[in-house]
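Start at 1 and go down the list; that is how both ligands and their atoms are numbered. Residue numbers start at 1 and run along the sequence shown. Bear in mind that the values here come from a model prediction, so they are computed numbers and not experimental data.
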Amino acid sequence: MLKRAESAENLDLFVNARQQFERALTWIDGIKVGIIDYLINPKRTMHVRFPVHMDDGSIRTFHGFRVLHNRVRGPGKGGIRYHPDVTSAEVAALAAFMTWKTAVVDIPFGGGKGGVVCNPKELSRDELRRITRRFVAELGDAIGPHTDVPAPDMYTDQQTMAWIYDTFDLMHPGKNNLAVVTGKPLDIGGSVGRDEATARGGLFATEQLLKLGVIPDMQELAGARVAIQGYGNAGSTAARLFHAEGARIVAVSDSRGGISNDDGLDPEQILAHKNESGSVVGFSEATNISNDELLAYDCDILIPAALECQIRADNANDVRAKLIVELANGPLTTMADDILQERGVVVLPDIVANAGGVVVSYFEWVQNLENQRWDLDKVDNRLKKKMNHAVDNTVERWNALKERSEEGADGGGSHPTLRDAALVMAIERIATVVLQRDIWP
Ligand code: NAD
């Protein structure tokens with residue numbers, strides 16, 4: 001068991017996002033000081049409170065947030081999550097990650113994010129439907145196909161997106177409103193490949209990183225031992241896709257705990273067990289382990305695919321993987337980043353690793369606006385191209401920053417990470433557009 005040392009570490013996700021941003025700035029020349037504040041803080045934060053009839057006849061007030069972080073490169077884009085721990089600061093940080101992610105993979109969006117403070121596990125389908133419809137009504141014209149486009153995130157799914165579309169469409173009759181939200185069911189304008197896009201993009205990105213020789217002695221996935229935290233959309237799909245490429249899934253977990261088997265787990269059988277029992281825990285051909293043990297599991301690749309701030313100063317030294325692939329948003333704190341870098345553990349950052357979701361959301365948005373339907377080959381081929389390109393660019397920039405660091409030119413004496421490289425690219429792209437568009441008036 002890992003011991004949670006008392007630490008002075010700040011686990012506020014926005015503080016960590018700001019630290020990442022400030023660290024990247026040390027590698028950028030000549031950015032106008034006045035632009036920095038504009039680029040880190042959200043453009044707009046909406047906080048709505050709304051009443052909902054519960055099944056037992058009572059009325060409860062819910063809080064919802066939608067943060068539009070930046071839209072100089074295009075409409076805001078980012079998921080909506082339902083979770084009891086949602087806060088305005090968390091949503092703002094997640095929206096900032098979206099701004100940087102859409103810039104890294106070079107799609108014409110900015111960044112946004114939303115959330116409702118609720119516990120979906122304790123809510124009926126009808127209650128979730130009423131919460132969703134009322135939340136969308138409260139947001140009004142703050143979302144729209146050309147202003148800010150939501151998508152699924154933790155504990156929201158295709159059904160939630162269908163309710164969002166339907167509510168917005170009823171409020172804006174007579175228009176093609178399909179592009180107001182992505183991650184919809186196929187029958188109402190969803191894209192093939194969207195449901196597994198985050199994990200598939202993570203797979204393509206990992207394969208490309210290995211091909212580029214970034215991890216010594218590991219050029220391909222075949223035979224790699226993989227541990228995955230979180231067995232929802234991102235985590236369970238990653239288990240299936242990595243397994244199909246020859247990786248051995250040695251440990252997985254969800255909110256109730258984890259399981260392991262050094263001989264390898266069968267992802268489909270685990271999913272069937274989870275669907276039946278509600279958790280991966282108790283799967284017959286495995287040993288039960290805790291989530292702390294999962295993060296410290298002996299493996300080559302660790303994939304956090306659940307919540308933020310999971311790997312911190314107090315447990316980063318216990319990580320045994322050579323590579324961390326961040327399918328979750330913000331799973332590492334800045335202090336964890338520093339510790340892992342010192343220990344030679346490579347981190348493929350969230351703004352590259354999990355960008356497949358927003359890339360295929362972009363494909364869905366394009367199909368909706370053009371009333372087109374692409375086939376799966378077209379979606380996957382284009383996704384692969386985007387992910388490979390993002391990884392190639394990030395590694396290229398990383399190598400260039402490392403050269404500068406060896407010359408002692410930049411970075412305040414520190415060594416760059418892949419996250420620094422990706423963020424430097426994103427910030428430069430966004431700052432360039434701000435200046436090209438010019439600041440009105
Ligand atoms: P999901 O709701 O489908 O699954 C979340 C999983 O995390 C569940 O298995 C849950 O049991 C598990 N979990 C919750 N708390 C946990 C804990 N304390 N320890 C271990 N596991 C825990 O959500 P998702 O869509 O798979 O999203 C997971 C992460 O991936 C989030 O950080 C999300 O922001 C990120 N992400 C998702 C997408 C997407 O398209 N779905 C895209 C980009 C990033």
Side-chain angles (χ1 to χ4, degrees), residues 13 77-86 90-91 93-98 100-102 104-105 111 113-115 119-121 128 150-161 181-184 190-191 193-202 205 227-240 251-259 267 270-271 273-275 277-281 289-295 297 302-311 315 325-332 349-364 383 387:
L13 195 60
K77 188 82 196 79
I80 290 181
R81 68 169 51 174
Y82 289 174
H83 197 273
D85 298 336
V86 165
E90 178 195 72
V91 177
L94 293 167
F97 293 150
M98 291 307 297
W100 305 334
K101 198 180 301 180
T102 52
V104 169
V105 289
K113 203 80 182 190
N119 187 351
K121 289 181 182 168
L128 285 168
D153 196 78
M154 286 193 77
Y155 298 110
T156 57
D157 56 15
Q158 289 191 357
Q159 180 58 70
T160 327
M161 302 306 116
V181 64
T182 57
K184 300 179 294 294
S191 176
R194 175 61 185 89
D195 52 348
E196 54 176 51
T198 302
R200 190 169 288 284
I228 304 177
Q229 185 195 43
Y231 216 68
N233 174 297
S236 70
T237 313
R240 178 165 53 79
V252 302
S253 71
D254 61 24
S255 58
R256 296 194 202 161
I259 52 172
I270 301 170
L271 193 60
H273 170 76
K274 183 172 166 76
N275 288 340
S277 70
S279 173
V280 299
V281 176
I289 57 172
S290 69
N291 254 302
D292 285 344
E293 285 168 327
L294 179 125
L295 295 174
Y297 206 79
L302 174 62
I303 305 183
L307 298 168
E308 45 276 353
C309 297
Q310 293 298 294
I311 304 174
N315 62 2
V325 177
E326 293 187 325
L327 280 194
N329 285 304
L332 271 62
D350 46 10
I351 59 172
V352 179
N354 72 32
V358 75
V359 168
V360 177
S361 273
Y362 163 56
F363 296 161
E364 180 175 333
L383 172 64
M387 297 308 297

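A donor-acceptor contact closer than 3.5 angstrom is absent between the side chains of Thr156 and Asp153. Using a 3.5 Å distance cut-off with no hydrogens or angles, the side chains of Arg194 and Ser361 do pair a donor with an acceptor. Under the 3.5 Å distance criterion, with hydrogens and angles disregarded, a donor-acceptor pair is assigned to the side chains of Ser279 and Asp254.
Side-chain contact between Pro331 and Gln229 is absent, with no heavy-atom pair separated by less than 4.5 Å. The shortest distance between side-chain heavy atoms of Gln310 and Asn291 does not fall below 4.5 Å.
Of all atoms in ligand 1, numbered sequentially from 1 with element shown, those under 4.0 Å from a heavy atom of Asp254 are 9 (O), 11 (O), 19 (N), 20 (C), 21 (N), 22 (C).
When non-hydrogen atoms are compared, ligand 1 lies under 4.0 Å from the side chain of Gln229 (C-beta onward) but not from its backbone. At a 4.0 Å heavy-atom cut-off, ligand 1 touches Arg81 through the side chain alone. Proximity of Asp157 to ligand 1, defined as any heavy-atom pair under 4.0 Å, is not found for any part of the residue.
Some N or O of Gly232 is nearer than 3.5 Å to an N or O of ligand 1, by distance alone. At under 3.5 Å, a nitrogen or oxygen of Asn291, whether backbone or side chain, sits near a nitrogen or oxygen of ligand 1. Polar contact check, Arg194 against ligand 1: a nitrogen or oxygen pair lies under 3.5 Å apart. Polar contact with ligand 1: present for Ser255 (N/O pair, distance under 3.5 Å). The N/O atoms of Asn233, backbone and side chain alike, include one that comes under 3.5 Å of an N/O atom in ligand 1. On a distance-only criterion, Lys101 and ligand 1 share no N/O pair closer than 3.5 Å.
Among all non-hydrogen protein atoms, the one lying nearest atom 9 (O) of ligand 1 is Tyr231 N, 2.9 Å.
The nearest non-hydrogen atom to atom 26 (O) of ligand 1, considering only Ala234, Ala328, Ser290, Gly330, comes from Ala234. Taking all heavy atoms of Thr237, Val280, Val252, Thr198 into account, the minimum distance to atom 43 (C) of ligand 1 is reached by Thr198. The option with the heavy atom closest to atom 29 (C) of ligand 1, from among Ala306, Pro120, Gly183, Gly357, is Ala306.
To the nearest 0.5 Å, atoms CG (Asn329) and CG (Leu13) are separated by 8.5 Å.
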